Amino acid sequence: RQRQMCIRDRYRKKSIKENIEKNLPFAIIHMSSLAGAGIELKYILKIISETEEYGFLAKEFGKVLDRVNLGESLTDALRSVASETVSKDLKDFFEELILTIKSGRKISEFLILYSEQEMLKYNNMLKKINQVMKTFSDLYVGMVLTIPMIIISIGVMLMSVLQQTYNINIEGILEVITYVILPLINIGFMFVFNNLSKE
């Protein structure tokens, strides 16, 4: 039972991490536009924390505000949440934000630059996913469409010869391939495709 709880906890952390890192580039762009409009950082964090579309990322921003409301400085609150978060990307962002605040550099400039970097990283990730999907598609066409068609074509041609010579029921074999093996292969590919899409 303890092992099941550990697996469940690990899966939950992984799910939270993926949700945070999926939303982070868009939240940073949102933050940069708000900063460009002259809104103070504390209120920017509040807006992000109240945006439900950001999921677990919004909750992490909410933790920062909770600590600030309890009397911590903004930099201390950011550092505390950065040390606890499951997402390395969010941790890196908060640490860079702390350095920016301490250096006195403009928050809007930092956020614009950081958002550009995040979107570049996000686009590269999408390109990799598209490449994986293309490879997967080629493999699917090869295994599920081409190979069975070749087998069935050869089977049909050899059917009469083998039936007469060895009295083998080729029709039964072809039915097994058509109605059992091919659907199972399709289900397997759909399962893998679904997992790749989630990632």
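Being a predicted model, the structure only gives us computed values, none of them experimental.
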Using side-chain heavy atoms (C-beta onward) and a distance below 4.5 Å, is [X] in contact with [Y]?
X: Leu97; Y: Leu41; result: yes
X: Thr100; Y: Ile107; result: yes
X: Ile16; Y: Thr85; result: no

Nearest atoms (heavy-atom pairs only) where [X] meets [Y]:
X: Gly62; Y: Ser49; value: N-CB, 3.6 Å
X: Ile112; Y: Ser32; value: N-CB, 3.8 Å
X: Ala82; Y: Lys91; value: O-CG, 3.3 Å
X: Ser115; Y: Ile29; value: CB-CG1, 3.8 Å
X: Ile28; Y: Leu111; value: CG2-O, 3.9 Å
X: Ile44; Y: Ile39; value: CD1-O, 3.4 Å

- Message: I'd like to know if Asp76 and Arg79 make a salt bridge, using a cut-off of under 4.0 Å between side-chain N and carboxylate O.
- Response: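 So Asp76 pairs with Arg79 through a salt bridge.
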- Query: Do Lys22 and Glu18 meet the salt-bridge criterion of a basic N to acidic O distance under 4.0 Å?
  - Reply: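 Result for this pair is no, no salt bridge flagged.
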- Item | Inter- and intrachain pairs under side-chain hydrogen bond (donor to acceptor under 3.5 Å, both in side chains), touching residues 105-114, at least two apart |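 side-chain hydrogen bond (donor to acceptor under 3.5 Å, both in side chains) check on residues 105-114 returns no pairs.
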Would you give the length of the straight line joining atom [atom1] of [X] to atom [atom2] of [Y], rounded to the nearest 0.5 angstrom?
X: Leu34; Y: Tyr43; atom1: CG; atom2: OH; answer: 14.0 Å
X: Thr75; Y: Ile98; atom1: OG1; atom2: CD1; answer: 6.5 Å
X: Lys63; Y: Glu84; atom1: NZ; atom2: CD; answer: 6.5 Å
X: Phe94; Y: Ile101; atom1: CZ; atom2: CD1; answer: 10.0 Å
X: Lys59; Y: Asp66; atom1: NZ; atom2: CG; answer: 12.5 Å

- In sequence, state the C-alpha distance, the side-chain angles, and the governing distance for Glu21 and Leu90, and then conclude on side-chain contact (heavy atoms from CB on, under 4.5 Å). CA-CA 7 Å; Glu21 292 178 358; Leu90 182 60; over 6 Å; no
- Would a distance-only check, ignoring hydrogens and angles, find a side-chain to backbone donor-acceptor pair under 3.5 Å from Ser15 to Tyr11? no
- Can you list every salt bridge (Lys or Arg N to Asp or Glu O under 4.0 Å) pair that touches residues 30-44, not counting sequence neighbours? none
- Message: Under the criterion side-chain contact (heavy atoms from CB on, under 4.5 Å), I'd like the reasoning laid out for Met31 against Phe93: C-alpha separation, chi angles, the key distance, then a yes or no.
- Response: CA-CA 12 Å; Met31 291 175 73; Phe93 172 66; 4.0 Å; yes
- Task: Evaluate side-chain contact (heavy atoms from CB on, under 4.5 Å) for Ile47 paired with His30, printing each intermediate quantity in order.
- Result: CA-CA 9 Å; Ile47 290 167; His30 191 178; 4.1 Å; yes
- Query: Hey, would you say the Phe61 and Phe56 ring centroids sit under 6.0 Å apart?
  - Reply: no
- Query: With sequence neighbours left out, what residues match Glu72 under salt bridge (charged side-chain N to carboxylate O under 4.0 Å, His left out)?
  - Reply: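 Here the qualifying residues are Arg67.
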- Would a hydrophobic clustering, with Ile, Leu, Val, Met, Phe, Trp and Tyr connected at side-chain separations under 4.5 Å, put Leu45 with Leu70?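 Different hydrophobic clusters.
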- Task: Evaluate the criterion side-chain contact (heavy atoms from CB on, under 4.5 Å) for residue pair Val86 and Lys14; output intermediate values, then yes/no.
- Result: CA-CA 8 Å; Val86 295; Lys14 183 174 181 287; over 6 Å; no
